[in-house]
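Remarks on the structure that follows.
For the numbers below, each heavy atom of this structure counts, side chains included, while hydrogens, waters and symmetry mates do not.
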Amino acid sequence: MQLLEEKIRQDGQVLPGNILKVGSFLNHQIDVGLLDKMGEEIYRLYGKDRVTKILTIEASGIAIACMTARHFGVPVVFAKKSQSQNISGDVYSVKVESFTHKKVYDVVVSGEFLNAEDRVLIVDDFLANGKALIGLIDLVRQAGAQVVGAAIAIEKGFQGGGDLVRKQGIRVESLAIIEQMDSGEIRFR
Ligand code: 5GP
């Protein structure tokens, strides 16, 4: 998506450890107009796939998931990063290692909010090694629900997670795929 690529070029900062900082429009301050256009693009890609729920992971996926859900007219469920007191009864749970914090979290979704009839679109801000996405796919499968596919704002293609998941036969659509950024200059696929 050209608009997003331009915004990344303009405002993105490449940090050590292959981290792209996009706090000015996606991860801290939020450019609602841009995220709405991203949601519209995701609807163009998956709008005919009878999606019943959008699933993301807290915290940074929530904004893009909500702006996407507006176009689909379905609820957003966000997986929580540790078993909270507020979740009672049956839960689906998986361990996910965080790319940015290098910590392993228990990621949980209440059984109330995902069920076998659901057709789930997974949405996240970033795709790097694929740990978060693979964990979310596992949660959907625990619920007996169907993974329609994944929609990612920014995929770092050189870290391989996207292609790993695509090889498993799951549809992964990323609005911007970065092929290289270690020289300071960002190159898209
Ligand atoms: P993965 O699990 O695919 O290795 O990493 C994806 C998760 O890590 C995303 O949910 C995102 O929050 C975080 N992440 C990975 N790479 C980056 C990055 O370059 N910048 C930012 N801001 N977050 C990232």
Side-chain angles (χ1 to χ4, degrees), residues 26-28 30 32 34-155 161-162 164-166 168-175:
L26 185 60
N27 286 151
H28 194 162
I30 292 171
V32 175
L34 175 64
L35 265 63
D36 191 47
K37 291 204 174 73
M38 288 158 68
E40 194 179 308
E41 174 64 7
I42 293 170
Y43 184 73
R44 192 185 65 77
L45 294 164
Y46 284 105
K48 295 201 172 85
D49 289 283
R50 292 179 288 116
V51 171
T52 64
K53 250 161 227 173
I54 289 178
L55 177 68
T56 190
I57 183 165
E58 75 174 353
S60 56
I62 295 175
I64 175 72
C66 289
M67 296 308 288
T68 302
R70 254 175 46 77
H71 295 274
F72 283 82
V74 301
V76 171
V77 177
F78 63 91
K80 297 197 171 205
K81 273 189 181 153
S82 69
Q83 180 120 29
S84 94
Q85 305 267 319
N86 301 333
I87 295 187
S88 54
D90 289 344
V91 293
Y92 310 117
S93 168
V94 70
K95 288 197 187 300
V96 172
E97 187 189 332
S98 148
F99 182 90
T100 36
H101 301 112
K102 305 287 172 223
K103 267 203 264 176
V104 176
Y105 292 95
D106 285 310
V107 172
V108 300
V109 167
S110 166
E112 264 180 279
F113 302 124
L114 276 186
N115 58 62
E117 283 76 52
D118 278 319
R119 293 177 53 81
V120 180
L121 175 63
I122 297 171
V123 171
D124 205 359
D125 59 341
F126 273 93
L127 173 55
N129 295 325
K131 299 272 171 63
L133 179 54
I134 289 164
L136 291 171
I137 292 167
D138 189 336
L139 291 177
V140 176
R141 291 187 170 155
Q142 286 178 40
Q146 180 91 26
V147 179
V148 169
I152 306 293
I154 305 171
E155 175 178 343
L164 188 75
V165 175
R166 289 182 185 101
Q168 295 173 13
I170 291 169
R171 183 176 171 196
V172 179
E173 302 276 2
S174 300
L175 302 184

List the steps, then state whether side-chain contact (heavy atoms from CB on, under 4.5 Å) holds for Val140 with Leu136.
-> CA-CA 6 Å; Val140 176; Leu136 291 171; 5.7 Å; no
Which pairs pass ring pair (Phe, Tyr, Trp, His ring centres under 6.0 Å) with one or both residues in residues 115-140, sequence neighbours excluded?
-> none
Cation-pi, Tyr46 ring and Lys48 (6.0 angstrom, 45 degrees) | no
Between Ala79 and Val107, the two heavy atoms sitting closest are CB-CG1, 3.4 Å
Residues two or more places apart in sequence or in another chain: which of them pass side chain to side chain contact (heavy atoms under 4.5 Å, CB included) with Arg44?
-> Glu41
Mind checking the CD1-CD1 spacing from Ile170 to Ile134? Nearest 0.5 Å is all I need.
-> 8.5 Å
For Phe113 and Asp118 the tightest heavy-atom approach is O-OD2, 4.0 Å
Heavy-atom closest pair, residues Ser60 and Asp125 | OG-OD2, 2.8 Å
Looking only at heavy atoms, which two atoms of Val51 and Val74 are closest? And how far apart?
-> O-CG1, 3.4 Å
Residue set satisfying salt bridge (charged side-chain N to carboxylate O under 4.0 Å, His left out) with Arg171, at least two apart, ordered chain then number -> Asp49, Glu173
From Ile62 atom CD1 to Ile64 atom CD1, the distance as rounded to the nearest 0.5 Å | 12.5 Å
What is the distance from atom CG of Leu164 to atom NZ of Lys131, rounded to the nearest 0.5 Å?
-> 10.0 Å
In Å, rounded to the nearest 0.5 Å, how long is the span from NZ of Lys102 to CD of Glu97?
-> 6.5 Å
Separation of Asp36 CG from Ile30 CD1 (nearest 0.5 Å) | 13.0 Å
Apply side-chain contact (heavy atoms from CB on, under 4.5 Å) to the pair Asp124 and Thr56, showing each step before the final yes or no.
-> CA-CA 6 Å; Asp124 205 359; Thr56 190; 4.0 Å; yes
Inspect the contact between Lys81 and Asp106 and indicate whether a charged nitrogen and a carboxylate oxygen are less than 4.0 angstrom apart.
-> no
Nearest heavy-atom pair of Ser174 and Glu155: which atoms, and what distance?
-> OG-OE1, 2.6 Å
Could you pull out the closest heavy-atom pair between Val96 and Gly135, with the gap in Å?
-> CG2-CA, 4.0 Å
Residue from Ile54, Ile152, Leu121 passing side-chain contact (heavy atoms from CB on, under 4.5 Å) with Ile42 = Leu121
Test item: Thr52 side-chain N/O and Arg119 main-chain N/O as donor-acceptor pair under 3.5 Å | yes
Candidates Ile122, Val109, Val147 - the one meeting side-chain contact (heavy atoms from CB on, under 4.5 Å) with Leu139 | Val109
Has Phe99 got more than 12 heavy atoms of other residues, nucleotides or ligands less than 6.0 Å from its CZ?
-> yes
